[in-house]
Amino acid sequence: MSRILPDFLIKRPEGYYCPYGDFFVDPQLPVARAVVSHAHGDHAVPGHVQVYCTAPTAAFMRHRYGARTAPRYREIPYHHPFAVGGVEIRLVPAGHILGSAQVVMEYKGVRYLFTGDYKLQPDSTCEPLQVVDADVLVTESTFADPSIQHPDPIAEINKINGVGHDILLGTYALGKAQRLTALINGHCPDRQVWLHHGILPLHRIYGDFGISLRYGPYNRHVMKTGTSNNIYLVPPMTFNSYSRAKNVIRVFASGWAHLQRHNDLELYISDHVDWHDILRYVRQVKPKQIWTIHGDGRHLAQHFTGNILVRELA
């Protein structure tokens, strides 16, 4: 029987390192070889020599980093096997944002599944998560707390239909903004979506990959029409700078409770798995071990005591 290697992934200052293939997964400092799960800034940074990722992730990184990165991108289709060092790798959809991938790594008969960020909730703006059996599940634990349960996103977005004012909607520019636009298009048909200039190019990249959304570029006259059906999507820093905005309802879309405080309406829409979805995914993956990253894995360790070994990847 093949043996799980406890040092298959090691947390180093640069990021998660695989010594058996001499590469990093989602490194936070420039490295020679990086496998990047998706294009959010806490997973994708400039300066690597070679990047293995999906085509959308490469497009987002080129847009955001331009000449500052200039790596050799190797754009890998989902499910297409490739080798780095002595490790065979496949990328499979993670359901987080467009192009997001779980990293399936096989070495000496053992399969290690690195989830990156992922979600099980349906999302028309990205590829749905696909389940892969694995010996070791390396899972994010952002919301790995039994007290956290994300509500139905359609029920949440429908709150907007009861608001008789224009809305200033704070959102992360990549992934969340496009998902919100699709939800508003589909469930708030009387609302017009306008985009901050920092979000607009990302919507256009989504369009390049076949994701059709209805929106327009914001200008300062948009929300002075008196129609009260406008929704202005802005990134977090802009949202915070408009803390005293008048004649609008301030809303921020997030799974974090502290980001809902002091707003006019709560909108709990998250692109991460909650506690129940993590447990559901563990049942589907059927791992022998769980290694936790990006959060607190103590609740998972307690929950699986005596059944599955859970440890923080450090």
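The shown structure was predicted, so the numbers you read here are calculated from the model rather than taken from an experiment.
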Could you walk me through whether L5 and V110 pass the side chain to side chain contact (heavy atoms under 4.5 Å, CB included) check?
-> CA-CA 9 Å; L5 299 169; V110 177; over 6 Å; no
Aromatic ring proximity, centroids under 6.0 angstrom, Y206 and F60 | yes
With F8, which of W291, Y17, F114, Y112 fulfils ring pair (Phe, Tyr, Trp, His ring centres under 6.0 Å)?
-> Y112
Side-chain heavy-atom pair T125, L213 within 4.5 angstrom cut-off | yes
From CG (N263) to CG (L169), nearest 0.5 Å = 10.0 Å
Worked verdict on M61 versus V36 for side chain to side chain contact (heavy atoms under 4.5 Å, CB included) = CA-CA 10 Å; M61 290 181 70; V36 176; 4.3 Å; yes
Locate the shortest heavy-atom distance separating G41 from Y65; write the atom from each residue and the value.
-> CA-OH, 4.0 Å
For atom CZ of R12, is the number of surrounding heavy atoms from other residues, nucleotides or ligands below 6.0 Å larger than 12?
-> yes
Is there a side-chain contact between Y218 and V234 (heavy atoms, below 4.5 Å)?
-> no
Quick one: do Y232 and D166 satisfy side chain to side chain contact (heavy atoms under 4.5 Å, CB included)? Show the steps, please.
-> CA-CA 8 Å; Y232 179 25; D166 288 340; over 6 Å; no
Sequence neighbours excluded, the answer for side chain to side chain contact (heavy atoms under 4.5 Å, CB included) partners of K108 is none
Would a 4.5 Å heavy-atom cut-off, applied to side chains only, mark V136 and P287 as touching?
-> no
Please confirm whether H272 and H294 have ring centers closer than 6.0 angstrom.
-> no
Could you verify whether a donor N or O on one side chain and an acceptor N or O on the other, from D117 and H40, lie under 3.5 Å apart?
-> no
Of all residues at least two apart in sequence or in a different chain, which pass the side chain to side chain donor-acceptor pair (under 3.5 Å) check with D264?
-> none
Same cluster (ILVMFWY, side-chain, under 4.5 Å), I293 and I4 = yes
Side chain to side chain contact (heavy atoms under 4.5 Å, CB included) partners for P93, two or more places apart = Y78, H79, E127, Q130
Hphob cluster co-occupancy, I269 + V273, side-chain heavy atoms under 4.5 angstrom = no
Shortest non-hydrogen pair, M105 vs I89, comes out as CG-CG1, 4.1 Å
Can you sort out the partners of F252 under ring pair (Phe, Tyr, Trp, His ring centres under 6.0 Å), two or more places apart, ordered by chain and number?
-> Y172, F239
Okay, side chain of Q260, backbone of S254: is any donor-acceptor separation there less than 3.5 Å?
-> yes
Pairing residues for N240 by the side chain to side chain contact (heavy atoms under 4.5 Å, CB included) criterion, not counting sequence neighbours = none
Taking atom types as modelled, is there a side-chain donor on D7 or Y20 under 3.5 Å from an acceptor on the other?
-> yes
Do the non-hydrogen side-chain atoms of T181 and I184 ever get within less than 4.5 Å of each other?
-> no
Y281/Y118 aromatic ring centres below 6.0 Å = yes
Is V163 linked to L233 within one hydrophobic cluster, defined over Ile, Leu, Val, Met, Phe, Trp and Tyr using a side-chain heavy-atom separation of less than 4.5 Å?
-> yes
Rounded distance [0.5 Å steps], OG in S124 versus CZ in R179 | 9.0 Å
Nearest-0.5 Å distance that lies between atom NE2 in H299 and atom OG in S141 | 10.0 Å
Intermediate values then yes/no, side chain to side chain donor-acceptor pair (under 3.5 Å), H150 and Q121 | CA-CA 9 Å; H150 299 321; Q121 288 183 343; over 6 Å; no
Evaluate the criterion side chain to side chain contact (heavy atoms under 4.5 Å, CB included) for residue pair C188 and I157; output intermediate values, then yes/no.
-> CA-CA 8 Å; C188 310; I157 206 68; 4.2 Å; yes
Least distance between heavy atoms, H38 atom then D26 atom = N-OD1, 4.5 Å
Would the number of heavy atoms belonging to other residues, nucleotides or ligands and lying under 6.0 Å from NE2 of H63 be above 12?
-> yes
For the side chain to side chain contact (heavy atoms under 4.5 Å, CB included) test, which of P153, C126, S270 pairs with K119?
-> C126
Kindly give the heavy-atom pair with the smallest separation between R311 and P6, and that separation in Å.
-> NH2-O, 2.6 Å
Excluding sequence neighbours, so at least two apart, what forms side chain to side chain contact (heavy atoms under 4.5 Å, CB included) with H258?
-> W256, R261
Is it true that D22 and R33 make a salt bridge, defined as a side-chain N closer than 4.0 Å to a carboxylate O?
-> yes
How about L91 and V103: do any of their side-chain heavy atoms sit closer than 4.5 Å?
-> yes
L313 vs Y16 side-chain heavy atoms within contact, under 4.5 Å | yes
Locate the shortest heavy-atom distance separating A44 from A39; write the atom from each residue and the value.
-> CB-CA, 3.8 Å
4.5 Å side-chain heavy-atom contact, R64 and L174 | yes
Test item: H48 and F24 side chains (from C-beta on) under 4.5 Å apart, heavy atoms = no
Where do I278 and A144 come nearest, in terms of heavy atoms and distance?
-> CD1-CB, 3.8 Å
N307 atom CG: more than 12 heavy-atom contacts under 6.0 Å | yes
Should V87 and V49 be regarded as members of a common hydrophobic cluster, given that ILVMFWY residues are connected when their side-chain heavy atoms come within less than 4.5 Å of each other, either directly or indirectly?
-> no
Going hydrophobic residue to hydrophobic residue with side-chain gaps under 4.5 angstrom, can you get from L309 over to L300?
-> no
Does NZ in K11 sit with more than 12 non-hydrogen atoms of other residues, nucleotides or ligands closer than 6.0 Å?
-> no
